[in-house]
Structure formats: C-alpha cells, structure tokens
There are 6 protein chains.
Amino acid sequence: MTPLPSVLLEPLVRAALVEDLGRAGDITTDALVAPDTRARAAFVARQPGIIAGMDLAALAFRLVDPAVTLDVRRPDGAAVQPGDVIGHIEGPARAILTGERVALNFLGHLSGIATATAAIATAIAHTRARITCTRKTTPGLRMVEKYAVRCGGGANHRFGLDDAILIKDNHIAISGGIAPALARARAHAGHLVKIEIEVDTLAQLAQVLEIGADAVLLDNMGPALLAEAVRMVAGRAITEASGGIDLASAASVAESGVDLLSAGWLTHSAHVLDIGLDI
Amino acid sequence: MTPLPSVLLEPLVRAALVEDLGRAGDITTDALVAPDTRARAAFVARQPGIIAGMDLAALAFRLVDPAVTLDVRRPDGAAVQPGDVIGHIEGPARAILTGERVALNFLGHLSGIATATAAIATAIAHTRARITCTRKTTPGLRMVEKYAVRCGGGANHRFGLDDAILIKDNHIAISGGIAPALARARAHAGHLVKIEIEVDTLAQLAQVLEIGADAVLLDNMGPALLAEAVRMVAGRAITEASGGIDLASAASVAESGVDLLSAGWLTHSAHVLDIGLDI
Amino acid sequence: MTPLPSVLLEPLVRAALVEDLGRAGDITTDALVAPDTRARAAFVARQPGIIAGMDLAALAFRLVDPAVTLDVRRPDGAAVQPGDVIGHIEGPARAILTGERVALNFLGHLSGIATATAAIATAIAHTRARITCTRKTTPGLRMVEKYAVRCGGGANHRFGLDDAILIKDNHIAISGGIAPALARARAHAGHLVKIEIEVDTLAQLAQVLEIGADAVLLDNMGPALLAEAVRMVAGRAITEASGGIDLASAASVAESGVDLLSAGWLTHSAHVLDIGLDI
Amino acid sequence: MTPLPSVLLEPLVRAALVEDLGRAGDITTDALVAPDTRARAAFVARQPGIIAGMDLAALAFRLVDPAVTLDVRRPDGAAVQPGDVIGHIEGPARAILTGERVALNFLGHLSGIATATAAIATAIAHTRARITCTRKTTPGLRMVEKYAVRCGGGANHRFGLDDAILIKDNHIAISGGIAPALARARAHAGHLVKIEIEVDTLAQLAQVLEIGADAVLLDNMGPALLAEAVRMVAGRAITEASGGIDLASAASVAESGVDLLSAGWLTHSAHVLDIGLDI
Amino acid sequence: MTPLPSVLLEPLVRAALVEDLGRAGDITTDALVAPDTRARAAFVARQPGIIAGMDLAALAFRLVDPAVTLDVRRPDGAAVQPGDVIGHIEGPARAILTGERVALNFLGHLSGIATATAAIATAIAHTRARITCTRKTTPGLRMVEKYAVRCGGGANHRFGLDDAILIKDNHIAISGGIAPALARARAHAGHLVKIEIEVDTLAQLAQVLEIGADAVLLDNMGPALLAEAVRMVAGRAITEASGGIDLASAASVAESGVDLLSAGWLTHSAHVLDIGLDI
Amino acid sequence: MTPLPSVLLEPLVRAALVEDLGRAGDITTDALVAPDTRARAAFVARQPGIIAGMDLAALAFRLVDPAVTLDVRRPDGAAVQPGDVIGHIEGPARAILTGERVALNFLGHLSGIATATAAIATAIAHTRARITCTRKTTPGLRMVEKYAVRCGGGANHRFGLDDAILIKDNHIAISGGIAPALARARAHAGHLVKIEIEVDTLAQLAQVLEIGADAVLLDNMGPALLAEAVRMVAGRAITEASGGIDLASAASVAESGVDLLSAGWLTHSAHVLDIGLDI
C-alpha cells in the first residue's frame, strides 16, 4: 500500500495529540511513571481484519517522544488474525502510555474501514466489480479514510466536490432534465474531469446513454434491474450500483455485472477493528 | 441541551468544508445551477433516533453562504421518528447543494452517537446507573462526540489525559502495585482533580478501598461480581463498569447497582443516523 | 463567472493582510488620517484586460473594516478598457487606504492571469482548441490562479498531483516504457480519474493509441507534426499541445486541430494588469 | 546571501505541498514507481540568471521524504548560464518526482525576481543608485520575494505598512498638505522609524526640504527633472525615483544621481527563470 | 519536574520566533556576524529564584538552527543564586544571537512565576496549606504558566472553564441561592468533575456544608474567620482561601488551617526572573 | 488611540477563548444559568490607571455570543480612578459569565502596561524625554503590549529583529569593534532602516559619533555621565538611556537631556490593573 507522505499525516496526528493532552499533558502517567522507565509493547489484533494506519500510530508516539521506535510486522493492507502481533514499540514508558490512545484511535478506526472494505471485496472477488467509498466520511478524516479503503482492497470515488462531476437527482431536477444537465456539465468540465450521473430508472439510463457520460450511478436498483442496465450500457460507461449494499447483498449486486458497488457505511459506520497494546 | 459556543465549532466546520470543496469548489453545482435559483429543503429523519449536531449543520450552510437560513424543528437532544422533519433550510440553491454533504456528515455522525447513547440510557432507565463514554473517540472530533453523548442522555468521562487521573492496569504494574500508584496519584493531583482506578478483581478492589479513590473502574466483571463489588464499595467511591457493554447486556450490568456503564463503541463504532435532505 | 465560496477565499486574504499590517498596522494612515474621515474611491483600469479577483479585493477592505462597501461595476470575467471604472468603494478613509495594496495585489495579479489567458483564447477562437493552465502556479495561490484562468476564458488542467494521472517522460523511463506505465496507471486509477500521457514522437503516440488513454500531451511538436498527431488520434483521445505556446504561436498551434493548448506562463509569468485606486 | 531561518520558510513549503498533494498524494508516481527505486537528478538552468530559493526547493523534497539530499552547486545569489548545474539531488525516486513541481515553482519564481533585479542592478552599476522593490508583491510571498530581491543585488523597501512611514499623494490630500502631513508623521513615528514622502513636483520637494524627511519619493519625473531634484536635495534626504523604471530606462534614471530606483514589477511581473530538473 | 511534551510546546515557540523574526529575520546579526562564527554562551542567574522554561528556551535556539546544543545545569524546578550557570549553549553564533531574546522572554517570565510561587510555598511550609494559581493567566500561555507554578512547588487550580465546576457569587445570585446552584451543578457534573463553591460568610458556608461540595473557596476572610471556617468544615471539603494573599499575609492565612491559598498575581503580575545570556 | 484592526486582534482572542473553554465549554455557567437569562454588567476600575485593551475585551464577549453589546465609557488611553465605570456590557448572561475571564485577562494585563508606562511618562513630563519599551515582551502578545505602551503615552522601540538594526555589545565584540560593526550595518541596511548602537562608555560614544549612527543606546550610565553623553552627541543622534529605569530614577535620568528612556519591565513585569466586572 503506497503510504501518504508524512507532510499530510503530521497535522492530523498533532491535532489529535493536542486534543488528548489538553493543557496539562498525561497527568496519570506523569505522576506514576518515572521518566527513565523504558517499556516494550506490542500492537496485537483481537479480531481478524485488515490493518490501516500504522504510519499514523507511529507518528502518535514519535511526536510525543522521538525516542520511541516502531517495528512494523503487519504493514497497512496486511490481514491479521486474533493474537497476531502487528508491530512492536519500544522506548520510554511514559511516551508509550501517553501516545497509546491516539495511536489506537487512528489505527482502530482506519483498520475498521479497511476490514469492512475487504469483507465486501472478498464477497465480490468472483465478479468483475470493485467496492468503492463515497463522500460520506468523517469530517476531517476523508484523506485517511479513503486511504483505508484502498488498504482494504477498495477503490476510491471522488475525494471532494471539486475533482469530478457527479450529477444527482436534485441537480437533474433543478437543471430541467438529464439532457440539459449533461450538456452544461460537459461544457464546464475540464478535460481531465469525468462526469457521472445518477439514474433511478432504465428510461433515465436510456436518455443518458444517448448523450453519453463517463459513468452512471444506478441508484437503488435490484440485481435483475441492474443486470438489465448493464446490458443496456454495453460498456459505453462505467456502471456503479449504490443503495443498500452490505455484506449480505454485495455478491448478488456484483453478479449483475456492474463495475462498481459503492457504500457510504464503509467510512461512516464501520466498526473499529479491536486492536490492543500489550505492554 | 446546552450548545457549544460557535468559537469552538467554527474551526471544525471550516476544515470540513475546505476538505470537501478542495481547490475548485462544487464543480457540479456551479456548472448546473444558476446563481439566482433559490431552494427550500428539509432535513428528514429516515430512522428513529436522537438528534445531535444541528449547530454544525447550520454552520456548514452559513459558511458557504450567509444567506441560508435554518429553521430548527427538532433541536439537539430531541427524539425523531422516520419521516419527521428536523429542520427547514431555505436560501440560494447552490449553497444548499454545496453544503449538504458536510452538514449531513456532521449531523448523521453525531446523531448516531446520540442515538446509540439514548438506547443504552433507556435500557438502564430503571436503574441508578448512567451510561458514559470514553477517550476512544474519532481523532479531531472528541469535543463534539462527547457533546453528542450528552445529547443522548449520557454522561461524559474524561475529556483528555489532563483533566482527571485514571490509573489503568499498566500504570499499576509499572508503579509496583495499587498502593504506591494511588499514593503517587494523590500526591500529584490538584485539588479539583479526581482519581479513578481500574480493578479486575475483588481483591484489588479491597486494596483500593483501604486507601481510597474517587472512583473505581470495574473492568470486565460479570453482573454477579459487579453486584458484589458494589456491596463492597458501599458508597465510598463511584463505581463504573466497563467491558462488553452493549444493548443486550446493559440492563443486567446496570442492575448490579453500579453508578456508571462505560462503552467506547458509543463514539467509535455507532452507526450514523440516517438523515436525508429533501429538496 | 462562478465565484469561489468565501470560506475558501477568506484565509488567503487574512494572511495577506497580516503580512502587510505586521505588528503595528498602517502607521502612516493612523498618524495622518482622522478616524472619522470618510472616502470614496474607484478601481480604475489603466490597461485593457479582463477582471479577476473582485471578491478578494472586497474582502481585503471588509476584513479591515466591515463598514467599507464595494459596488462592483465590472465583475470577474468582464473586459475593461483604460479608464473604465471596475468598482466603487466607500467607507472610512483609513480602511480604504489600509486595505488598498492587498486588494490591488490580488486584483492585479489575478486580472493579469485572466488577461493573458483571454489573449490566447481570442487568438485561437477560430479553432476548436481551448487554452489551459498547468501546475506551474505561484505557491499558495493555485486555487485562485486557476480561477483567474477560468475568468479569462481558459480551461483548467489538473489542480494537483492527486486529481488526475499525468504520465511524463520521467515516469515512462522509470516504468520501463509506455505500455507498462499505462497498464499500471489504469490498474491504480479510480473510476473517475482520467489518464493523460506525454509523448514526444509519433512513434510514442502510436504506442499510446494502441493501449488507449484519455488524453495525450503532445510535447514540443511543431504545427505540422501536431496536425499529423491529431489525424493519428482521430478522436480517440483528447489532444493537448504544450511547449512554447505564446501569443505569436498560439493560432498556428491551434490550427493543427488539437483540443487544448497548455501554457505554464499564464500563471507563473503573466504581467499584472495595471489597475489603480483613485480616491 | 544570508538565508532566512527555516522556521520562517517551513510553513510556506508545507502549505505548497499540501496544495499540490491534495487528498490523495501523487497518484501518478505512486502507481508507476516502485517504492525502492532511487534516482539522481540535477537542477539545470535553461536561461542565464541569478539563483534564489534553493532552501525552499530543498525543503520541498525533505518534507516529502527526509532521505532526499540536495548538494547545492550554485547557492542563492549566484549567476548561472544555460546548462549550468545548480544542484544535485539524490534519494527515493518517488520523493524526487513528487516534490519536483513545488521545488521548481519556488525556485523559478524567486530566481526570476532575482534575475530581473540583477539586470537592473547591472544596468545602473556605474552610478551610485541601487534598485529596490515595493509592497507590490504576491500575497503570501512577500518575505521570500524581498529575499529574492536581495539575492539579485537589490535593496529592500518597506516590508509592510508597519515598519516605515511612506506618505503618498492621497495621504497628503487628506492631511491638508505636506506640512501638516509631515508634522503628524513626525509626532507619531517611533525613534527608529523613518519617514519618506512622495512628491510629484519640485515645488512640493521644496516644501518637504524645508521641513525635513528621511527620504523623498520622486514620482514619475524624467531624468532631467530628477537631476534637478537631486541637486535641490543636496544630500539632505535619500532620493528615490519611481514610475516607469525598466531595463531600458534604468540607466538614464540612475544617472540623475538619485539614491534609489524602485520598481513594483520586480516582484509582481518578473518572468520565472527557466530551470529544469533532469533525472 | 515532569516536562510538557514538545508537541505542546513547539507551537508556542514557533509563534514567538515568527513574532520576533518578522519578515526579514535578524537583520543586525545577519549583517554583522559571519555564518561560520561559532559561539558558546551561558544562561546566568542575576537574581535568586527558581527555574522554569528550559525546554522552551532550548526550542527557541533549535528551531532557529538545529545545530545549537543546550547543556542544562539547573533544570526546571531548581533553585539558583546570582551568578549560577543555568545552562551552556554552543553552536553557530548567529543562531545564538537570533534566538536569545525569545529564549529569555520565555525563561524569565516562567521562572518569575516559579520564583513567586516558591516564595509563598516557603512561607507556608510549616503549615499544611499549599499555594495554587487561578485562571488569571496571560492569554495564550496558560499551559506553561500553570507548569511554572508546579515548578515553584505550587499546585494547579482549574485549567479552564471546562475541567471543574467553580460556582462564584454571580452564579449563586443568578441561580437563586446556594442550594439550587449546588443541586444543578451536581446534576450536570460528570463523575470525574469536582465542584467548588465560593462563600463570603460563615452562614453561606453552613449552607454549603449541609448540601455538600468538594471544595469551598473562602473569599476575602481574615485569618480568624478562616480558622473558624476550617473548624466548621471539619474535613468535609477542601478549603481554599483567596483574596489579598501575598508574601506578607500568606503565613498567617495558611496558619488558619486551610488546605489551599490561591493567588492570581502569581501568573498575572509576577516579576520576571532576571537571567542573562553571557556570551 | 488608534485601534489595531480586528483582523489582527481576532486570532489572539479566539486562541484565548479556546484555551479557556477547552473541550466542554463553561460547564459551571451552562449548568446553572438558563439560556434566556439576560444580564447587564459594568467594567469597574478598582485602581487608578490607564485603560488599554477594550477592543480585545469586546471581542471576547462577541466571539462567545454576537448578541453581547459593549458600551465603552473610557476608551483605550483614558485615565480612570477607582470606581470609574469603563464600559457597560449587556446581553445573554451566559455569554457574559463565559467571556468574563478572557476579557479581564486581556484588559487587566494591557491596562497594567499602559498604567506603568503612564507613570513614567508623567514623571518625566517636564523633560524632553519619552519612555519607550523593548523586545522584552510576553511571547505571543508583542503587538498588543506595544499598543498598550502607546496607550500609556509611551513610544515604541523595535517591533522585532527585522525592522531596525540595534547593535549590542555582543555584536560589537564579534564584529571586531564599533567601526567595522557600523560599517557592515550601514552596508546592509535598507534606506528606511535606522541603525542604533549600544555604548557603555564615553570613549565608545566618541567612536560612534565619528562614524555616525541614527541612535545610541547609552547603557547603564548614571545621570551625570548621561548628561555628558548628551552634550557630546549634540543632536547628531537620538539618545536612549537604558538600565535601571524605574519610577524612582526616571526623572533624574530624563533630566540628563536624553531623548528616550527604555525599560523592559513595562511589558514583562508590570502589575495588572485591577479591574472588576460587576454584574
């Protein structure tokens, strides 16, 4: 998994540490642990899953004390089983205890997203479809949540309102229909900007195909309708199915032949992956 | 619910908007919607739940365009049923479409936390116990996630490493036992700082009670053991049960007589509350 | 011209004011001008050109004193002739004198870019080509410089390293050739990410066309070679000509039939548009 | 050339990298280049000029990856000819490709300013005059643009509204004349704050000399008038000529005997110096 | 003294350096001192006192130039006499001269607070009372000023409005009396939040004791009245005396038997400790 | 007194509020005061002094709640006697109680500096000397502390290392003497940058006068020696006396005929002015 450069990650970790350390630091550890005590600890998986966020975890310790070292055993993107050691850290005990929660908050949250993504990816591995995320992300964490989706084997959708055009039902309604909406979008889009449009019916899809679009978002269609839509598209656009995609439904949706399944819950409602720090 | 002052909320919403608007703004809306188009929309609940985050949602629109007005019908802390209108917004259509996702990302995330909290609170309403959160929060959002817990009828635990002492098993081990740990904690704590200590057994609890502490965290004890612990404490300390608290277990844990149930998943793994913006 | 939301512009203007006001504010104006003096002033064009940046100019005054009002006569994207009044401002004389330089620095710089862009756009208006910018922008100002290009009638290229794939000669060399480079790019690109690849020769172009790409960057080819390349592409990819595009060469390059001309100097070396503030 | 401390430069480079890396990083390089590939590259001048900004360029790479090393051959202030190697960089190929554009954007922009400054400085080297910049700088970059002027052999004018008094025509008009303007300025200025005043005519200059000022800005006077003004001043104030100073006019203006020539275009309209990174 | 983690200190020092270096850096040193000149210097106490702030002083130099090393002889919390060397620094002469004032501004200010605190602590050492600070701190420096109080042997009061409840006279008045105020406070306070209430009379104190509170602030009572109050409290609450505590009055106030003396002037009006940097 | 623009003040007040409100806001007021309670309060002087900082105080309330209004009766620079009402505020009781401490921390600190400055200014009013501050300011507050000195009738010295040259003893030693130091300074200084040099003896002063400087800092000389120095200077440079200036010594120092007295304690050790907020 290609890591994000630390110039992008550092501000997130600094803010999280400031949030946790407040105005007095870790008063428990400072009171109880002598400054020269050293410790060794292991990040251990308590659940099966996929790891994401080790760079952020490492930064959480290093920004408290550069003397902490992290030896990664399961890098981002690796699968773990309960009991697996993800990495060893070693250094001043105070720094390890102080940085622990911020490290685990990042690691658990992002590994949870990677794990949820991987579960869907596995369920649809026999199809041509890939699982992708949405803009339904946690405020402030989009960059790293999208990264966690990649760690889980998923693909990324738009990163923001600015890097692709996605015409939704409200846009169509305000624009006066699919045709004028697509025309205006095409007129304004830069040459490296793709256009995707949401359709709810095959009739709408037919309209879109007549005009052309890079991708169509087939919203809330059942597998049979999706399969029909895929046939209609016939490779002229990327097809994305959305609405109600979960572990139970993913395979049958993917078997319709669509290119992509998208699911907001990967980033907004995935459970954290339970990871502990054993000292 | 006492709102947080906007001097605290504004930086979060500004950052979320910058994250979503990127370097070109909302290129779809800008291409498709005329600047003078006005719109009216309603936040509508699609699930039963408890609302939290309306101030953040309102800021998301107002910071895009101050001309957007939000008329709140169900304020933070209110219960909603599917179909309930939470608030009406009105103003330039562009601003409403552009601010929608950031508004919903905050509102859904925080209402999800409030809803999860309220479910537990309801389940234990016949007992003296209250549900409380932990420091297992989403990096960058602790302040508002803790606020959402309050909206759901929960109580707040520590806000950071700096505002209370919480002695955990690792601290005890490094300190050489419960007695020296409590002694050092007491020696360092300011007069307005409370001390809580984690115990795993009744033997440890007995040691704590001999020395005294403001609160004891009874970790991973079953209801019967908890009841025994509560009897031993006999009002001399606040009792908090943690470990495996969920909707199924909460009532039996609370019926043990403890003062508090704490659960990290309220803030790190609650599902978003499904809320839509109907234009 | 669709304005950028002020939540994106405000930080730029605040930083520019802080940079100019330093630690003591405008000591000349404070010493010489009584606080209750009011003034009226006009932004007047001293050269023909295209306006860009009026929102930033307005913010420069309003952030010094909200009592200053700006009445825009020539909005962003409008053409002006020497002597044309672009807008009137009115308010406390101190704020007008204090905000003047920051306002003009933004307005002159961005209008200069818009003017340069428009000159090329006019020169190639008889062709199907459009003029586009690059990532050769002034550090910190990319968002508004790209906006200024749009004001001048140009199109935007990538906004950063993250929103499209552009495979350059160095990438090809390190990847071991065009084929593996395109294959890896396609394997990694999200479904809304387009792929453009630079070619220097028709032989390279032939390779690209065999594999397929969304766009080809035809680097440093003369008009004749470009025309041949356009014929080869035959509509299968967007064609972009780069290298040595200026006002003298633009028409002949565009007449080759390419879709786009790109020029870094629009954003990094355009002359400011000379605009004065007449009080 | 005395470098600026990196505590001042780092925020600029971090912001520029964040601006370019966006929310996904360098997706082209990450897709195409293996993480363990190393590269060596050289900054090579493609035009004659003066270098400025090597510290910023070095930071651009180091903040992407500290493993990149830069061996500077032509430090800031040095003259280069086409083909000259300015510095060698070596390190992970990814970091070199990812940091390249930000490094070159700073280096080209600042070297362009240094080069323009040096051209004027050379043209007036036979006189006692020096070339100086103004507050007509690019928003956010004043500190480094003023530094680039120094690299080119120029002198710096005011850094902001707060570090010297410069009384312009509007100030004089609002103050009721030169005498009251100078009197108020003198009364308010700290003992280390100099006072400069703009004059358009010899009559105004006579008034100023009667009262006294540290410097006079002789605006839009031709060489003959300037020479007359210099004679009138007779060393009692620093003389600065402004208005229409360019490479063609500089020598004749300087030969009038003035101390300083000032030109806004050095910082707002200089062409970038064309520098390439050859890998 | 447990140091604050540098992730908390660095932003303060960076801001102070930017404030002092402005837009051109240290123009005196840059003009006069050759870049390769090295220097050795010693922080020397010119007054007796207690040291606080060495980490901030060290950062002030290191952020100007990482090549500066600081060898601490008297760490934070240590007592010094006039002439004592607190630490030696060595490195490039420019960096030492440039960082000197920021380093001394932090060190003198915080050591002044530590020294004032220690003076009171010494004066009351024969009693059970401790000296504590308030929220009357210098804006922006609360975290480090509270740390300096700890260095001087004092205890910390609340760090902000959010980490403890302190019911003052205005709150009581608006709440309709002590009883409703305490009731509401108790109902809202988290289980780790203590409640303190201000009383001006013994009658008020009796009311408080009837209901219970963690601490009582005995405001502006003389020693005799305080002694009576302590007797009334009889260990049921922490007792804090405030109002007019200074070096002259501290002992007699403390001898009343109160637990705490609080004084705002420790943080808002302590004299700096005179420390020089001898090169 | 010319106020600083709020674009400069707002960041300071926002940071101070965030520092005080922490992660939960004002939990006391929120628990005790109903949201619709309104209050009226008065800033009342408890000591004689000079006011500085009313704009910051007003911002402290307005940033908590824009509904708070402040009616200023004694603006910055005005003298107050005990009991004088400085301003009335009115608005939501919660906002008034929540903003009170931040408002008073700014107001007390800056009024303390203004008051100390005014005391010296009064003591030397019969002379030609003025009192001025130094760079010995509180980190982060230099801009407003220098402003407070102006409110007290004092003059400002340098604002940073970058806006004037001040050659101190260490610079002279490293430069190899007064002559080379002044020569290098003159060679590097911009035309609006003044040069001041510190001398300890009349012999050094003679050397300086031979070469010329804008100002001389006469360090630690008694009144007689100062008078001799002033005679030697004979108006050829501004004379500044420093070292041991306090209320007792100021008049005799000023009577020596120097232009300026400088004192670091004005900004680093002045007592706060005691101001209360009576509700």
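For clarity, every value in this text was computed on a predicted model and none was experimentally measured. Quick note on labels: first sequence line is chain A, next is B, and so on, each numbered from 1.
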Side chain, backbone, both or neither: which part of [X] has a heavy atom under 4.5 Å from chain E?
X       : value
A270(F) : backbone
T134(F) : neither
I174(F) : side chain

[X] versus chain F, heavy atoms under 4.5 Å apart: side chain, backbone, both or neither?
X       : answer
V102(E) : neither
A15(E)  : neither
A164(E) : backbone
L97(E)  : side chain

Are H109(E) and H268(F) close enough that some pair of their side-chain heavy atoms sits under 4.5 Å apart?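 Side chain of H109(E) against side chain of H268(F), heavy atoms only: no contact under 4.5 Å found.
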Quick one, R142(F) with N105(E), criterion side-chain contact (heavy atoms from CB on, under 4.5 Å). Give me CA distance, side-chain angles, the key distance, then yes/no. CA-CA 11 Å; R142(F) 183 169 294 167; N105(E) 282 351; 3.8 Å; yes
Which residue, I279(F), I96(F), D278(F), V33(F), forms the side chain to side chain contact (heavy atoms under 4.5 Å, CB included) with N170(E)?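 For N170(E), the side chain to side chain contact (heavy atoms under 4.5 Å, CB included) test succeeds with only one of I279(F), I96(F), D278(F), V33(F), which is I279(F).
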Pick out which of L166(F), V193(F), L161(F) makes a side chain to side chain contact (heavy atoms under 4.5 Å, CB included) with I27(E).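 Single side chain to side chain contact (heavy atoms under 4.5 Å, CB included) partner of I27(E) among L166(F), V193(F), L161(F): V193(F).
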Atom CD in E19(F), atom CZ in R135(E): separation rounded to 0.5 Å?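 Result: 10.0 Å between the selected atoms.
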Please round to the nearest 0.5 Å and tell me the distance separating atom OG1 of T138(E) and atom CZ of F106(F).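 It comes to 10.0 Å.
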So, R23(F) and D163(E), do they make that salt bridge, N to O below 4.0 Å?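 Between D163(E) and R23(F) there is no salt bridge, as every charged N stays at least 4.0 Å from the carboxylate O atoms.
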Winner by heavy-atom pair count (cut-off under 4.5 Å) against chain F, out of H271(E), R101(E), H188(E), M143(E):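 Ranked by heavy-atom pairs under 4.5 Å with chain F, first place is R101(E).
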Tell me, out of L32(E), L17(E), V13(E), who's got the most heavy-atom pairs with chain F below 4.5 Å.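 Among L32(E), L17(E), V13(E), the one with the most close pairs to chain F is L32(E).
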Judged by modelled atom types alone, do H171(E) and T28(F) share a side-chain donor-acceptor pair under 3.5 Å?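 T28(F) and H171(E) do not have a side-chain donor-acceptor pair below 3.5 Å.
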Would you find a donor on one side and an acceptor on the other, under 3.5 Å apart, between the side chain of D162(E) and the backbone of G25(F)?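 No; judged by distance alone, with no hydrogens or angles, the pair does not exist.
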